[in-house]
Amino acid sequence: MNESISRQVQQVVHRLFNVETTPVLTRPDPQFGDFATNIAMQLAKSLGKNPREIAEAIATELRSQDAINEVSIAGPGFINVRLHDSALYASVFTEVPKKQGSLLIEYSCPNAFKSIHVGHFYQTILGDSLARVYERLGWTVYRVTFGGDVGRHVGMSMWSIINELGGEYPDKLAEIPEDVRATWLAERYVMGTKAFEEDQQAKEEITQCNKRVYELHNENDKTSDFARIYWTCRQWSYDAFNQFYESIQVKPFDRSIGESETFQPGLKIVRDNLGKVFTESDGAVILSEEKSGLHTRVFINSGGLPTYEAKDLGVIWLEAQEFEYDKRIIMTGSEQKQYMQVVFSAQSLIDPVLGAKQESLTNGTVKFGDGKKMSSRLGNVTRAVDVLPSAKEAIKAKSQELQEQIALGAIKYTFLKSSIGGDISFDLDQSVSTEGNSGPYLQYALVRAKSILRKVSVATQQSVDHLEQPERALAVCLTRYPEVLQQSVDGSSLHDLCAYLYELSQIFNRFYEQCKVVDDPRADIRIPLVVQYEQTLRDGLQTLGIPTPEEM
RNA sequence: GCACCCGUAGCUCAGCUGGAUAGAGCGUUGGCUUGCGGAGCCAAAGGUCGUAGGUUCAAAUCCUGCCGGGUGUACCA
């Protein structure tokens with residue numbers, strides 16, 4: 001409907017003034033109309049005419065259109081369009097148009113041997129939801145997580161593991177019970193970090209461990225004692241990640257890439273482009289783009305080891321080998337924003353076509369309000385696995401499963417409702433709120449509609465002459481859904497979808513208060529609206545990855 | 001020093017490719033029994049949009065300075 005009106009305005013403007021435009025339609029306050037455009041004010045200058053005069057001319061033409069009931073001019077020259085109720089009602093029942101394209105999205109990215117913290121939780125939800133919106137619009141999406149399974153942090157962990165085992169005895173790992181493996185590994189990392197900072201001898205041994213890990217990958221060593229410890233613990237780590245992903249109900253990754261797979265191609269890419277893209281400086285290989293305002297970054301350090309920069313070029317290369325994509329989104333913390341620009345700059349210099357497909361999306365950190373309640377429940381620990389159980393405690397529900405669906409809905413919605421980029425505050429008490437602009441509010445607004453639909457036989461869609469105000473408001477809001485989905489991918493703005501679904505639910509709740517559906521004379525008109533509403537809200541929640549319970 | 005991000009109601013945030021009285025939620029105060037689930041609905045109070053200029057018919061939105069907070073700035077990721 002939006003596009004159809006927009007096209008009509010475009011044609012009218014062309015006919016009247018012989019000017020090519022792409023009119024933007026906005027959704028004004030309902031008192032003004034269903035659609036509005038400021039095209040007259042934009043044309044005023046170039047045409048040298050009074051904006052209201054232009055608006056009047058356009059309005060006159062638009063009034064002759066079938067679907068349009070009323071066109072008014074307001075303020076400095078806004079053109080407000082109101083549709084006939086019959087046309088509006090009919091336009092409610094349209095499908096979301098699908099487009100084609102393929103997206104590779106890289107997110108979550110926890111490092112092996114370390115534990116997942118709230119920040120990973122947050123980014124995993126953002127990535128999963130964004131992927132779902134693309135999928136909803138018809139894109140093929142590849143989900144990838146890329147984590148460090150080599151590097152100094154692994155050296156620290158390996159050192160501490162061996163230390164704890166009393167030597168390189170892989171068989172002793174079997175003595176560690178399955179349910180404590182993840183925490184045991186997390187402790188090893190902490191101990192390793194501490195030793196690295198405080199103990200000179202340990203520091204040297206850790207550096208050796210780090211090198212040995214790289215070597216075992218180079219030699220594809222699966223059998224030495226050291227290697228067996230490494231592979232076993234890496235697997236423990238991955239098992240813990242997957243268990244977590246399952247618990248928060250996100251779609252599984254199509255590919256989990258370790259840095260061990262990318263440092264070799266990364267090194268090769270950098271070396272192949274030495275002199276062309278990269279230069280040597282103080283024994284390191286760098287990219288200096290300071291004239292374009294970017295930082296100088298080291299891609300291969302003076303010890304000949306690849307830095308994350310090289311590994312990141314490696315992963316771009318590896319993904320391009322395995323997946324064919326039109327666009328690649330990589331999510332990182334916002335502190336890596338400027339860093340990412342350098343990597344993309346390098347990629348564009350090496351391969352402009354592949355470089356142009358890169359897009360970086362940075363998210364802020366999760367902060368805990370004043371944290372009083374939060375800290376008493378979770379302590380200073382911000383392990384991701386503690387969040388859901390803690391949230392569940394605050395939810396009253398008939399069953400465990402329902403409690404989980406609601407808690408998950410509350411958490412995810414809290415993560416998704418703010419725009420991506422800024423820090424977000426996560427106060428467990430507020431975040432798990434079930435009132436107002438919250439996940440459970442949306443879930444409840446869905447459950448109410450489901451409950452109505454269980455009590456009626458589905459009416460076939462009727463033509464209608466007149467809509468009452470609450471019906472009309474619901475109809476108008478429903479027609480916006482396709483635009484909002486598109487807007488959400490265009491701006492990576494999941495909060496737009498959240499805000500829309502919240503508004504939709506609010507409008508439905510008002511409708512619910514004022515309009516009876518079951519056994520009402522207007523049931524034939526209202527039932528299709530409720531059906532469409534239920535489908536839209538359910539679809540929207542599923543697109544965000546928020547559970548849609550049948551009852552609460 | 002330079003670069004990037006942020007500063008909107010008591011709190012948490014929308015709005016920022018300039019447009020019609022700056023919007024939500026929480027919190028505060030006061031209402032809603034005969035109708036499909038009150039995790040709901042209605043209403044009130046609450047804002048010099050950090051600050052000072054500039055551009056414009058029109059600025060929370062664009063430009064510049066300043067103040068305040070955060071992050072990054074060569075061998076970490």
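The analysis underlying the following values was restricted to heavy atoms, covering all of them including side chains, and did not include hydrogens, waters or symmetry mates. Here is how names work: the chains are called A, B, and so on, in the same order as the sequence lines, proteins then strands, and each is numbered from 1. This one's a predicted model, so the numbers in the text were calculated from it and none came from an experiment.
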Q: Is the NZ or CZ atom of R480(A) positioned over Y500(A)'s six-membered ring, under 6.0 angstrom from the centre and within 45° of the axis?
A: no

Q: Do the side chains of R27(A) and E483(A) get close enough for a salt bridge, i.e. N-O under 4.0 angstrom?
A: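 The answer is yes: the pair qualifies as a salt bridge.
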
Q: Suppose you measure atom C1' in C42(B) against the same atom in G47(B); what distance do you get, rounded to whole Å?
A: 23 Å

Q: Between protein and nucleotides 72-77 of chain B, map the contacts as a letter string: B base, S sugar-phosphate only, - none, heavy atoms under 4.0 Å, written 5' to 3'.
A: BSBB-B

Q: U71(B) P sits how many Å from N363(A) CG, rounded?
A: 16 Å

Q: What are the atom names and distances for every N/O pair under 3.5 Å that joins the protein to nucleotides 36-39 of chain B?
A:
from: C36(B); atom 1: O2; to: V517(A); atom 2: N; distance (Å): 3.3
from: C36(B); atom 1: O2; to: V518(A); atom 2: N; distance (Å): 3.0
from: C36(B); atom 1: N3; to: V517(A); atom 2: N; distance (Å): 3.1
from: C36(B); atom 1: N4; to: Y512(A); atom 2: O; distance (Å): 2.5
from: C36(B); atom 1: N4; to: C515(A); atom 2: O; distance (Å): 2.5
from: G37(B); atom 1: OP1; to: S451(A); atom 2: OG; distance (Å): 3.3
from: G37(B); atom 1: OP1; to: Y512(A); atom 2: OH; distance (Å): 3.4
from: G37(B); atom 1: OP2; to: S451(A); atom 2: OG; distance (Å): 3.4
from: G37(B); atom 1: OP2; to: K455(A); atom 2: NZ; distance (Å): 3.0
from: G37(B); atom 1: O2'; to: Y444(A); atom 2: OH; distance (Å): 2.1
from: G37(B); atom 1: O6; to: M552(A); atom 2: N; distance (Å): 3.3
from: G37(B); atom 1: N1; to: M552(A); atom 2: O; distance (Å): 2.6
from: G37(B); atom 1: N2; to: M552(A); atom 2: O; distance (Å): 2.8
from: G38(B); atom 1: OP2; to: R448(A); atom 2: NH2; distance (Å): 2.5
from: A39(B); atom 1: N3; to: T434(A); atom 2: OG1; distance (Å): 3.4

Q: Any Lys/Arg nitrogen of R212(A) or E205(A) sitting under 4.0 Å from an Asp/Glu carboxylate oxygen of the other?
A: no

Q: Run the side chain to side chain contact (heavy atoms under 4.5 Å, CB included) test on R188(A) and M158(A) for me, step by step, so that the C-alpha distance in whole Å, both residues' side-chain angles and the decisive distance to 0.1 Å come before the verdict.
A: CA-CA 8 Å; R188(A) 298 287 68 72; M158(A) 283 297 289; over 6 Å; no

Q: In whole Å, what separates the C1' atom of C57(B) from that of C67(B)?
A: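 Here C57(B) and C67(B) have their C1' atoms 32 Å from each other.
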
Q: Using the P atoms only, state how far C4(B) lies from U21(B), rounded to an integer number of Å.
A: 34 Å

Q: Could you check whether R522(A) pairs with E468(A) (Lys NZ or Arg NE/NH1/NH2 to Asp/Glu carboxylate O, under 4.0 Å)?
A: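 Yes, this pair counts.
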
Q: Check the pair Q341(A), S360(A) against side chain to side chain contact (heavy atoms under 4.5 Å, CB included), reporting the backbone distance first and the verdict last.
A: CA-CA 8 Å; Q341(A) 288 179 339; S360(A) 133; over 6 Å; no

Q: Give the intermediate values and the outcome of side chain to side chain contact (heavy atoms under 4.5 Å, CB included) for residues E309(A) and Y339(A).
A: CA-CA 9 Å; E309(A) 286 81 339; Y339(A) 156 81; 3.3 Å; yes

Q: Hey, what are the protein-to-nucleotides 9-15 of chain B N/O distances that come in under 3.5 Å?
A:
from: U12(B); atom 1: O3'; to: S425(A); atom 2: OG; distance (Å): 2.8
from: A14(B); atom 1: OP1; to: S419(A); atom 2: N; distance (Å): 3.2
from: A14(B); atom 1: OP1; to: S419(A); atom 2: OG; distance (Å): 2.5
from: G15(B); atom 1: OP1; to: H495(A); atom 2: NE2; distance (Å): 3.1

Q: Say you pick atom P in G70(B) and the same atom in C13(B); how far apart are they, in whole Å?
A: 16 Å

Q: Calculate the interatomic distance between R27(A) atom CZ and A20(B) atom P; express it in whole Å.
A: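 Roughly 18 Å, once rounded to whole Å.
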
Q: Please report, rounded to the nearest Å, how far the P atom of G40(B) is from the CD atom of Q443(A).
A: 12 Å

Q: Using a 4.0 Å heavy-atom cut-off, does N509(A) contact any base of the nucleic acid, only the sugar-phosphate backbone, or nothing at all?
A: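 Sugar-phosphate only.
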
Q: Please tell me whether F78(A) and F32(A) form a close aromatic pair, meaning their ring centres lie under 6.0 Å apart.
A: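 Aromatic pair excluded; centres sit 6.0 Å or further apart.
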
Q: Using a 4.0 Å heavy-atom cut-off, does N210(A) contact any base of the nucleic acid, only the sugar-phosphate backbone, or nothing at all?
A: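 Contact class for N210(A): none.
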
Q: Determine whether the aromatic ring centres of Y533(A) and F508(A) lie less than 6.0 Å apart.
A: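 Aromatic pair counts; centres sit under 6.0 Å.
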
Q: Could you state the interatomic distance from CG (L361(A)) to CE (M340(A)), rounded to the nearest 0.5 Å?
A: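 That separation rounds to 11.5 Å.
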
Q: State plainly whether the residues R328(A) and E106(A) are in salt-bridge range, i.e. N to O under 4.0 Å.
A: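 E106(A) and R328(A): salt-bridged.
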
Q: Using the ring-ring contact (aromatic ring centres under 6.0 Å, His included) definition, which of the options Y214(A), W159(A), F113(A) pairs with Y230(A)?
A: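 It is F113(A); the other options fail the test.
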
Q: Restricting to nitrogen or oxygen on both sides, can you table the protein-nucleotides 42-47 of chain B pairs closer than 3.5 Å?
A:
from: C42(B); atom 1: OP1; to: R510(A); atom 2: NE; distance (Å): 2.5

Q: Considering heavy-atom distances to RNA chain B, does D29(A) or V24(A) have its closest nucleotide positioned more toward the 5' end?
A: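 Taking each residue's closest nucleotide, the earlier one in sequence belongs to V24(A).
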
Q: If you look at every strand shown and take non-hydrogen atoms under 4.0 Å, does F32(A) touch a base, only sugar-phosphate, or nothing?
A: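 Base contact.
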
Q: Given the P atoms of A24(B) and C41(B), what is the spacing between them in whole Å?
A: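 To the nearest whole Å, 13 Å.
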
Q: At 4.0 Å (heavy atoms only), tell me whether P51(A) reaches a base, stays on the sugar-phosphate, or touches nothing.
A: nothing

Q: With rounding to whole Å, what would you report as the distance between C36(B) and A20(B) at their C1' atoms?
A: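 Those two atoms are separated by 39 Å.
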
Q: Please measure how far the P atom in G30(B) lies from the corresponding atom in U48(B), and state the result in whole Å.
A: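 Rounded to whole Å, the distance is 26 Å.
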
Q: Dot-bracket for RNA chain B, 5' to 3', counting Watson-Crick or G-U wobble pairs under 3.5 Å, with [ ] for crossing pairs and | for inter-strand pairs?
A: ((((((((.[[[[.)...(...]]]].(((((.......))))).....[[[[[..)....]]]]])))))))....

Q: For the pair K49(A) and E53(A), find out whether any cationic side-chain nitrogen is under 4.0 Å from an anionic carboxylate oxygen.
A: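 Salt bridge absent between K49(A) and E53(A).
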
Q: Can you tell me, in whole Å, how much space there is between the C1' of U28(B) and that of G35(B)?
A: 32 Å

Q: Nearest whole angstrom, please: distance from the C1' of A20(B) to the CE of M41(A).
A: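 Going from M41(A) (CE) to A20(B) (C1'), I get 8 Å.
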
Q: If we ignore hydrogens and angles and just use 3.5 Å, is the side chain of D423(A) paired with the main-chain N or O of T365(A) as donor and acceptor?
A: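 Indeed, once roles are kept as given, a pair shorter than 3.5 Å links the two residues.
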
Q: Decide whether a cation-pi geometry holds between K311(A) and F263(A); the criteria are a distance under 6.0 Å from NZ or CZ to the six-membered ring centre and an angle within 45° of the ring axis.
A: no

Q: For residues H495(A) and F415(A), establish whether the separation of their ring centroids is below 6.0 Å.
A: no

Q: In whole Å, what is the span from the CG atom of L43(A) to the P atom of G18(B)?
A: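 One finds 15 Å between P of G18(B) and CG of L43(A), rounded.
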
Q: Just jot down the side chain to side chain contact (heavy atoms under 4.5 Å, CB included) partners of A36(A), sequence neighbours excluded, or say none.
A: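 A36(A) satisfies side chain to side chain contact (heavy atoms under 4.5 Å, CB included) with T26(A), P28(A), N80(A) only.
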
